[in-house]
Amino acid sequence: MSAVRAARKRSVLGSHLIPAKTDMFAGCRAAKRLCWGKLLYIHLVQTRCLSGADAVNALRPFYFAVHPDFFGQHPREREINENSLKRLNGYLENLQKPGLRKHKPAQLTFYVRETVQNSESDHESARDPGFRTVSFTLDSRDLLSTVLGILNSCSLSTDHVQGSADSMASTKSATSSFYRPIKWDKTFYSFTGYKDPEEELKQAQKTEVTIISWIQSNQEVAQKKLSNSIPLREELERLKTELSDQLQLSGVRWQRSWGIAHRCGQLHSLGRLMKHNSESLKMAKGHTVIFTDQTGMSAAGHIMLGTMDVHHHWTKLFERLPSYYVLQGKLLQLQDRISHLLGGIEIVHIEELQPLLTMEEHYSILHAFCKKLLNRRVPIHPRSLRGLQMTLENDHFVPRLHEMGHFIIPAVCDPPSLQWFLLAHAQKARDKLKRKEELKIEEKELTKACKASASLGRLYKEPSVSCEQMINCCQRLIEEPLPNLMGMHLCVSHYYSVLQDGDLCIPWNWKS
């Protein structure tokens, strides 16, 4: 660099001392500077490909198809998409880090919404009949290839990205005689000892993560985190017991998987509120308190405390509990009326599979549905559907039968169509409900046996994992014992992870 600077300095000085003799070379030097500037610009364009903002814009159709907010009625699919989006964002961030030479391929699974255009209506409208599962592996080293791979895997259009990619490709081909990336011969890596990036990538793609190798690599970190969290876990249990006894609560739960420290902080907040407003909090007697995203009374009659709300909102809720009891009475009457009109079927709200609705929202849905049934009564025997269950949803147009045996009925469903569907699938629903109870018993027994065989401190699953998936996982864990996990906490999920409090997450379909 010093030699280049000295040469430039001499050239500049020479141009001042002998201007008459260098006029003929001035144009050459200017042209050379322009040429090098153009080559530098082309090089930057080729290496840049897409910026982070460009990638986000290009992936807008993908985000629209998989965003968790659109899966409010499907908690299992919502949670899987949330976890996969976190890993995808981390992968994209790593690709943008300067000087990154290594990266681990990531296998992701998404539930992609499918929309069907309704051609019978006068205006264009889209309805959501369901979703499909898409799995793909991220192993590209640049944003452009990654974005195109994601869109192609989900069968989404790439026209808006391909245009910029084609322009870059044409620029590259036009200047290929001036710029070419360095590709070293294999002997270079053998002689210098450097790692061949292409070989590393191929090896990473061939190497599949196995449960034993993953646990051996992460067990020490998990044990350290678990040991550090033990005092907080004891504090959490103490606070739960103390508040439950003082307020005579039937239980304390959390909607999301917050860390132990976060949960302790929420209980401390409730404890401070109790000291200053003990009279209003006495109205919570016999209820379950759920820490969630909003403050109110849930459709099931539980007290919801929004974690982002201040104590003033919590106090207002406790003061309004008597009015909620009146509304709850009206809601139960509506449920009984609908049940009578539909052959004795039970109206339920399953929190594990549905979003936490407020009591006002649930009442509004029931009221509109009941009014529709009264306007067009259907001839169903009063006791023909007794013992069956149904949930009401706002984001579907076609009734369906859930794998766990309950009917999922759209609030806008036409009564005659509903009558036919319920009667046609009644026996199948009874079989599924019976099977669900059998699976629950089998899951409980296998979870207990698996926990004992591995000497685990705790074994549990995420809500998005079904009974059949948990049973399959536990059976394999008993048949193929894991490394020493005495006292560890094991969570059956859809991916590998070490939680902040030391819990080990493994996918239910792990590879041995």
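Heads up: numbering here begins at 1 and tracks the sequence. Quick caveat, the model's predicted, so the values are computed rather than measured.
Checking side-chain atoms of Ser229 against main-chain N and O of Leu232 turns up no donor-acceptor pair under 3.5 Å. Between the Gln219 side chain and the Asn484 main chain, a donor and an acceptor come within less than 3.5 Å of each other. Formation of a donor-acceptor pair under 3.5 Å by the Thr295 side chain with backbone atoms of Trp314 is not found in this model. In terms of modelled atom types and a separation under 3.5 Å, the side chain of Ser453 and the main chain of Cys450 share a donor-acceptor contact. Of the possible donor and acceptor atoms, one in the side chain of Ser250 sits under 3.5 Å from a partner among the backbone N and O of His287. Listed for the Asp501 side chain is no donor-acceptor partner under 3.5 Å among the backbone atoms of Gly259. One N or O on the side chain of Ser339 and one on the backbone of Ile345 form a donor-acceptor pair closer than 3.5 Å.
Residues forming a side chain to side chain contact (heavy atoms under 4.5 Å, CB included) with Ala300 (at least two apart in sequence, or on another chain): Ser298, His302, Glu351. With sequence neighbours excluded, no residue forms a side-chain hydrogen bond (donor to acceptor under 3.5 Å, both in side chains) with Arg386. Not a single ring-ring contact (aromatic ring centres under 6.0 Å, His included) links Phe369 to another residue, sequence neighbours left out. Residues that satisfy the ring-ring contact (aromatic ring centres under 6.0 Å, His included) test with His67, not counting sequence neighbours, are absent from this structure. Here Ser227 pairs with nothing under the side-chain hydrogen bond (donor to acceptor under 3.5 Å, both in side chains) rule; sequence neighbours left out. The side-chain hydrogen bond (donor to acceptor under 3.5 Å, both in side chains) check on Glu479 picks up nothing, with sequence neighbours excluded. Remark: Trp214 pairs with Tyr496 by the ring-ring contact (aromatic ring centres under 6.0 Å, His included) rule, at least two apart or across chains. The side-chain hydrogen bond (donor to acceptor under 3.5 Å, both in side chains) check on Asn228 picks up nothing, with sequence neighbours excluded.
Looking at Leu108 and Leu85, their side chains never come closer than 4.5 Å, going by heavy atoms from C-beta outward. Side-chain atoms of Leu446 and Leu477, non-hydrogen and from C-beta on, never get closer than 4.5 Å to each other. Here the side chains of Ile150 and Thr146 are in contact, with some heavy-atom distance below 4.5 Å. Counting heavy atoms from C-beta on, the side chains of Glu437 and Leu433 never come closer than 4.5 Å. Considering only heavy atoms from C-beta on, Trp508 comes within 4.5 Å of His494 through its side chain. Taking 4.5 Å as the limit, every side-chain heavy atom of Gln266 sits out of range of all side-chain heavy atoms of Leu270. Taking the side chain as every heavy atom from C-beta outward, Val498 and Leu504 approach each other to under 4.5 Å. Here the side chains of Leu247 and Val289 are not in contact, with every heavy-atom distance at 4.5 Å or above.
Looking at Ser84, Pro68, Ser493, Pro463 one by one, the single match for side chain to side chain contact (heavy atoms under 4.5 Å, CB included) with Glu79 turns out to be Pro463. Under the side chain to side chain donor-acceptor pair (under 3.5 Å) test applied with Asp431, the options Lys434, Gln427, Arg435 reduce to a single match, Gln427.
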Acceptor/donor pairs from residues 58-65 side chains to any protein atom, 3.5 angstrom cut, sequence neighbours excluded:
| from | atom 1 | to | atom 2 | distance (Å) |
| --- | --- | --- | --- | --- |
| Arg60 | NE | Asn57 | OD1 | 3.2 |
| Arg60 | NH2 | Asn57 | OD1 | 3.1 |

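Taking CE from Met488 and CG from Leu226, the interatomic distance works out to 5.5 Å, rounded to the nearest 0.5 Å. From Thr307, atom OG1 reaches atom CG of Asp293 across 6.0 Å, with rounding to the nearest 0.5 Å. If you take CE on Met404 and CG on Leu439, they are separated by 6.0 Å, rounding to the nearest 0.5 Å. Atom OG of Ser512 and atom CD1 of Ile212 lie 7.5 Å apart (nearest 0.5 Å). With rounding to the nearest 0.5 Å, the separation of CG in Leu281 from CE in Met274 is 7.5 Å. The CE atom of Met359 sits 11.0 Å away from the CG atom of Leu366 when rounded to the nearest 0.5 Å.
Residue pairs meeting the salt bridge (charged side-chain N to carboxylate O under 4.0 Å, His left out) criterion with at least one member in residues 456-472, sequence neighbours excluded, are Glu443-Lys461. The salt bridge (charged side-chain N to carboxylate O under 4.0 Å, His left out) contacts involving residues 233-251 comprise Arg233-Asp503, Glu235-Arg238, Arg238-Glu242, where partners must be two or more places apart or lie in separate chains. The ring-ring contact (aromatic ring centres under 6.0 Å, His included) analysis of residues 425-470, with sequence neighbours excluded, yields the pairs Phe421-His425.
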For this session: Could you check Thr447 against Lys451 for side chain to side chain contact (heavy atoms under 4.5 Å, CB included), going step by step and ending with a plain yes or no?
Result: CA-CA 6 Å; Thr447 301; Lys451 178 184 174 183; 5.5 Å; no
Exercise. Does the side chain to side chain contact (heavy atoms under 4.5 Å, CB included) test come out yes or no for Glu480 and Trp510, once each step is laid out?
Worked result: CA-CA 11 Å; Glu480 304 178 40; Trp510 48 270; 4.0 Å; yes
For this session: Evaluate side chain to side chain contact (heavy atoms under 4.5 Å, CB included) for Leu267 paired with Phe291, printing each intermediate quantity in order.
Result: CA-CA 9 Å; Leu267 291 180; Phe291 289 96; 3.7 Å; yes
For this session: Before giving the answer on side chain to side chain contact (heavy atoms under 4.5 Å, CB included), spell out for Met390 and Leu342 the whole-Å C-alpha distance, their side-chain angles and the decisive distance to 0.1 Å.
Result: CA-CA 10 Å; Met390 63 170 278; Leu342 295 179; 3.8 Å; yes
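Annotation for His362 and Leu357: closest pair ND1-CD1, 4.3 Å, computed over non-hydrogen atoms. When all heavy atoms of Cys264 and Leu239 are compared, the closest pair comes out as O-CD1, 3.9 Å. Across Glu403 and Ser466, no two heavy atoms sit closer than the pair OE2-CB, 4.4 Å. Nearest heavy-atom pair across Lys285 and Gln248 is CE-OE1, 3.0 Å. The shortest non-hydrogen separation linking Met304 to Leu317 is O-CD2, 3.4 Å. Scanning both residues, Arg132 and Cys154, for their nearest heavy atoms gives NH2-O, 2.7 Å.
Ion pairing between Glu82 and Arg78 holds under the 4.0 Å rule for side-chain N and carboxylate O.
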